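To start, the structure under review is shown below, and the notes come after it.
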Amino acid sequence: MTTVNKAKLMDGRALAGRMLEESRLKVERIKAATGVTPTLATVLIGDDPASTTYLRMKRKRCEEVGMNSVGVELPRAASTEQVVAEIRRLAAEPGIHGILVQHPVPPPIDKRAAFETIPLEKDVDGVTSAALGRMILGMPGFRSCTPAAIMHLLQAYNVQLDGAYAVVIGRSPILGRPMASMLINAHATVTLCHSRTRSLPSIVRGADVVIAAVGRPRFVQGGWIKVGAVVVDAGYNPGNVGDVDFEGAYEPASLITPVPGGVGPMTVAVLIDQTAQAAAQQLGVKLEADG
């Protein structure tokens, strides 16, 4: 039997617990100052089981920190116009402080049109072009939740990004691309790859930090990982399997995230924390943690 050296695991659950406790204190301060409860609105299109599970988890975390959550469910057959109209209605409500459109958004709905309907001040998932632009330029604003979660993990485990060579596998506008930008802003040298990248194994073998977000189970092989590299698996596939062959990558890696229990809990924690910050900004409450 292989004994797992737990010191090598990046424990997202523990770190998320600490962040959620900080969010709970922020919510209490907002309520005490204004009498208003911060509220997150979630929009689910269709009945994808994984998306339903994710939203249930997000609403539970809202309750745990004392926030309200409002769930809007639309049929898979909904048109882009119907989705946009619903988001616009939520955006106009002063009692809604953050809006999340659960992705993936089923086709043929224009997900970019849906995302762009969210006002910047309520874009707590960092999906609008305005939020992405601010992120790329290193300006203040709400960041894409999963890349922000990964940055929190790297910081918590004292991973030195200044001058490091990082490889991001996956080019999604809500994960891979903002992830690359955040790493560049942290002074890492970054190569952004995807499933069609030529000579991908040799590129990954040179990386000090590997971020896997390609959406394919066990896509990144253990033989691709150089000794001492930090491996962050942002994938989640059926059967609790990530985008990295965990057993193969564990041995050479100095740090690695488990699936589940790594990036996922932190992503939800970042969403909750950014909703609390959004509420504070909209209500004029100064939080000591405001950046």
Side-chain angles (χ1 to χ4, degrees), residues 15-16 19-20 22-23 25-27 29-30 36 38-43 58 61-62 65 67 87-88 90-103 105 111-156 161 166 168 170-188 190 192 211 213 234 263 266-291:
L15 184 58
M19 178 174 281
L20 288 169
E22 293 174 359
S23 298
L25 295 174
K26 292 177 184 177
V27 170
R29 183 167 181 177
I30 292 167
V36 176
T39 300
L40 171 68
T42 60
V43 179
K58 291 166 184 174
R61 295 294 177 266
C62 283
V65 303
M67 284 182 9
I87 297 171
R88 191 170 287 128
L90 294 170
E93 293 189 18
I96 300 293
H97 305 104
I99 299 173
L100 165 76
V101 177
Q102 180 63 41
H103 32 80
V105 175
K111 63 181 177 182
R112 180 48 53 191
F115 291 160
E116 293 304 320
T117 308
I118 304 171
L120 181 61
E121 66 272 15
K122 297 188 179 185
D123 180 19
V124 292
D125 199 24
V127 295
T128 61
S129 58
L132 290 167
R134 297 181 71 84
M135 195 184 321
I136 290 169
L137 296 172
M139 298 170 64
F142 299 124
R143 303 185 293 173
S144 299
C145 288
T146 299
I150 291 170
M151 293 300 288
H152 278 290
L153 274 166
L154 294 173
Q155 181 178 17
L161 295 174
V168 179
R171 51 184 169 175
S172 150
I174 59 174
L175 211 172
R177 297 185 195 190
M179 184 79 257
S181 295
M182 290 182 193
L183 291 166
I184 290 169
N185 289 339
H187 309 297
V190 181
L192 180 60
I211 313 290
V263 175
M266 278 301 299
T267 298
V268 177
V270 168
L271 172 69
I272 299 302
D273 193 66
Q274 293 194 153
T275 302
Q277 293 179 45
Q281 291 171 11
Q282 292 165 45
L283 295 167
V285 178
K286 178 65 177 175
L287 298 176
E288 293 176 357
D290 282 349

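Small disclaimer: the values here were computed from a predicted structure and weren't measured.
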**Report entry** Donor-acceptor contact below 3.5 Å, side chain R177 vs main chain R171
**Finding:** yes
Report task. Would you check if the side chain of N185 reaches a backbone N or O of M135 as a donor-acceptor pair within less than 3.5 Å? Result -> yes
Report summary line: Taken to the nearest 0.5 Å, the spacing of L100 CG from I87 CD1 works out to 10.0 Å
Report task. Could you tell me whether a side-chain N or O of Q274 sits under 3.5 Å from a main-chain N or O of D125, the two making a donor and an acceptor? Result -> no
Query raised in the report: When rounded to the nearest 0.5 angstrom, what is the spacing between NE2 in H97 and CG in L40?
Result: 11.0 Å
Query raised in the report: Any side-chain donor-acceptor pair under 3.5 Å between T42 and Q102?
Result: no
**Report entry** E93 atom CD, neighbour heavy-atom count above 12 within 6.0 Å
**Finding:** yes
**Report entry** Heavy-atom closest pair, residues A180 and L192
**Finding:** CB-CD1, 4.4 Å
Report summary line: CZ of R61 to OG of S23, rounded to nearest 0.5 Å, is 12.0 Å
Report summary line: In short, L90 meets K122 closest at the heavy-atom pair O-NZ, 3.8 Å
Query raised in the report: Roughly how far, to the nearest 0.5 Å, is the CG atom of L25 from the CD1 atom of I30?
Result: 11.0 Å
Requested in this report: Can you run down the salt bridge (Lys or Arg N to Asp or Glu O under 4.0 Å) pairs that involve residues 273-283, sequence neighbours left out, and say none if there aren't any?
Outcome: K26-D273
**Report entry** Shortest non-hydrogen contact between A234 and V263, atoms and distance
**Finding:** CA-CG2, 4.3 Å
**Report entry** Over all atoms of both residues, closest heavy-atom pair of P173 and L132
**Finding:** O-CD2, 3.5 Å
Could you give the side-chain donor-acceptor pairs of residues 140-153 under 3.5 Å, partners two or more places apart or in another chain?
residue: S144; atom: OG; partner: G126; partner atom: O; Å: 2.9
residue: T146; atom: OG1; partner: T267; partner atom: OG1; Å: 3.3

Query - Verdict with reasoning, V127 to V101, per side-chain contact (heavy atoms from CB on, under 4.5 Å) - result: CA-CA 9 Å; V127 295; V101 177; over 6 Å; no
Query raised in the report: Atom OG1 in T117, atom CZ in R112: separation rounded to 0.5 Å?
Result: 10.5 Å
Query - Atom pair CE (M182) and CG (L161), whose distance is rounded to the nearest 0.5 Å - result: 12.5 Å
**Report entry** Closest non-hydrogen atom pair between P38 and V36, with its separation
**Finding:** CD-O, 3.5 Å
Query raised in the report: V168 versus L183: any side-chain heavy-atom pair under 4.5 Å?
Result: yes
Report task. Count the heavy atoms belonging to other residues, nucleotides or ligands that lie under 6.0 Å from NZ of K58, then report whether that count exceeds 12. Result -> yes
Query - For I96 against A41, the heavy-atom pair lying closest together - result: CG2-CB, 3.7 Å
Query raised in the report: Is a side-chain donor or acceptor of E121 paired with a backbone partner of Q282 at a separation under 3.5 angstrom?
Result: no
